[in-house]
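My questions all concern the structure below.
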Amino acid sequence: MKQRQVFRGVGALVGVLMLSGCAFELGKLDYTEPEFVGSYVGDGATTVVALGEDRTFTAVGVPDEVLANATGGTVDEVPAEIEGTWKYDSKSSADHVELTVTDADGMPAELGELPLYVADADDLFFLPDQLGREKIVVRRDR
């Protein structure tokens with residue numbers, strides 16, 4: 001079979017699926033916020049993220065690169081612990097838990113928002129490298 005025939009066959013199959021209403025979305029997951037409640041620990045227990053039922057979070061040991069990327073590198077001093085609110089975002093191109101960092105007075109902090117991407121309900125990860133070459137995975141602590 002020639003390569004041109006294979007491409008035509010694949011193109012025809014995609015066309016039939018689109019016309020028949022069969023659709024699938026790559027990178028989309030089907031979770032709800034309660035499935036993410038709990039504690040997540042990174043390898044070596046250096047990074048710990050706790051997502052509460054009340055949609056608050058605390059995180060310890062979030063890598064400096066992640067925090068610097070959130071502000072475009074403008075953070076003077078990286079905090080040892082961050083806290084704030086969280087929500088699950090499945091409407092963007094990549095499912096993630098959005099961490100909104102707040103100051104002691106409850107107002108949004110200079111760090112702003114940090115995406116914690118979803119591999120599955122038990123595995124979340126930070127991307128310190130925006131090209132996605134490196135992941136910092138945190139797994140559900142059982």
Side-chain angles (χ1 to χ4, degrees), residues 1 3 5-142:
M1 186 177 279
Q3 187 176 10
Q5 291 171 324
V6 171
F7 286 140
R8 284 185 184 160
V10 170
L13 177 60
V14 169
V16 168
L17 288 174
M18 289 177 71
L19 290 174
S20 68
C22 296
F24 56 92
E25 295 182 34
L26 298 176
K28 290 303 216 172
L29 305 172
D30 191 22
Y31 294 108
T32 61
E33 282 191 350
E35 292 177 83
F36 295 106
V37 171
S39 293
Y40 296 81
V41 180
D43 291 336
T46 56
T47 304
V48 178
V49 178
L51 303 176
E53 287 181 23
D54 61 354
R55 294 183 57 198
T56 61
F57 81 91
T58 58
V60 177
V62 176
D64 296 352
E65 308 88 52
V66 172
L67 298 174
N69 282 342
T71 62
T74 61
V75 175
D76 294 331
E77 187 177 320
V78 176
E81 180 176 336
I82 57 175
E83 60 185 24
T85 59
W86 69 273
K87 67 179 179 179
Y88 173 55
D89 182 357
S90 64
K91 302 206 184 329
S92 66
S93 60
D95 285 17
H96 64 281
V97 173
E98 189 75 46
L99 304 177
T100 302
V101 182
T102 57
D103 285 330
D105 60 2
M107 299 301 293
E110 179 183 2
L111 291 173
E113 296 179 342
L114 303 173
L116 186 55
Y117 296 97
V118 177
D120 59 47
D122 292 328
D123 295 313
L124 307 175
F125 60 92
F126 290 106
L127 284 176
D129 171 2
Q130 291 303 313
L131 298 176
R133 295 182 296 226
E134 179 185 345
K135 293 180 183 176
I136 298 169
V137 178
V138 289
R139 292 186 167 80
R140 188 176 299 275
D141 188 24
R142 302 225 184 246

Margin query: Taking the side chain as everything from C-beta on, heavy atoms only, tell me whether Thr58 gets closer than 4.5 Å to Val48.
Written below: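 A side-chain contact is absent here, since even the closest heavy-atom pair is not under 4.5 Å.
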Note to self: With heavy-atom distances below 4.5 Å as the criterion, would you say the side chains of Leu127 and Lys135 are in contact?
What the structure shows: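 Yes. Closest side-chain heavy atoms under 4.5 Å.
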Notebook entry, point to check: How far apart are the closest heavy atoms of Val138 and Gly42, and which atoms are they?
Noted result: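 Scanning both residues, the minimum pair turns out to be CG1-N, 3.7 Å.
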Item checked: Reported CG-to-CZ distance for the pair Leu124 and Arg140, which is rounded to 0.5 angstrom ->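 Leu124 CG to Arg140 CZ: 7.5 Å, rounded to 0.5 Å.
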Note to self: Keeping Trp86 on the side-chain end and Gly52 on the backbone end, is there a donor-acceptor pair under 3.5 Å?
What the structure shows: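 Side chain of Trp86 to backbone of Gly52: a pair is present.
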Next item on the list: Begin from the C-alpha positions of Val49 and Val97 and carry the test side chain to side chain contact (heavy atoms under 4.5 Å, CB included) through to its verdict.
Entry: CA-CA 11 Å; Val49 178; Val97 173; over 6 Å; no
Notebook entry, point to check: Nearest 0.5 Å, what's the CD-CG distance between Glu83 and Leu99?
Noted result: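 Going from CD on Glu83 over to CG on Leu99, the span is 12.5 Å.
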Note to self: Looking at Glu81, I'd like to know if its CD atom is crowded, meaning that more than 12 non-hydrogen atoms belonging to other residues, nucleotides or ligands lie closer than 6.0 Å.
What the structure shows: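 Enclosed: over 12 neighbouring heavy atoms sit under 6.0 Å from CD of Glu81.
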Note to self: With a 3.5 Å distance limit and no angle check, can you tell me whether Thr47 reaches the backbone of Gly61 through a side-chain donor-acceptor pair?
What the structure shows: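 The answer is yes, because a donor-acceptor pair under 3.5 Å joins these two groups.
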Note to self: I need the minimum non-hydrogen distance between Thr46 and Asp43, along with the two atoms involved.
What the structure shows: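 Looks like OG1-O, 3.6 Å.
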Item checked: For Phe36, all residues meeting ring pair (Phe, Tyr, Trp, His ring centres under 6.0 Å), sequence neighbours excluded ->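 In terms of ring pair (Phe, Tyr, Trp, His ring centres under 6.0 Å), with neighbours along the sequence ignored, Phe36 is linked to Tyr31, Tyr88.
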Checklist line | Approximate separation, where rounding is to 0.5 Å, of Leu116 CG and Phe126 CZ | finding: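 If we round to the nearest 0.5 Å, Leu116:CG and Phe126:CZ are 4.5 Å apart.
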Margin query: Looking at every non-hydrogen atom in both residues, tell me the closest pair between Val101 and Phe57 and how far apart they are.
Written below: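 For Val101 and Phe57, the tightest heavy-atom pair comes out as CG2-CZ, 4.2 Å.
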Check: Mind checking what makes salt bridge (Lys or Arg N to Asp or Glu O under 4.0 Å) contact with Glu33, not counting sequence neighbours?
Finding: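 Counting only residues at least two positions away or on another chain, Glu33 forms a salt bridge (Lys or Arg N to Asp or Glu O under 4.0 Å) with Arg55.
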Checklist line | Separation between NZ of Lys87 and NE2 of His96, rounded to the nearest 0.5 Å | finding: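 With rounding to 0.5 Å, NZ (Lys87) is 7.5 Å from NE2 (His96).
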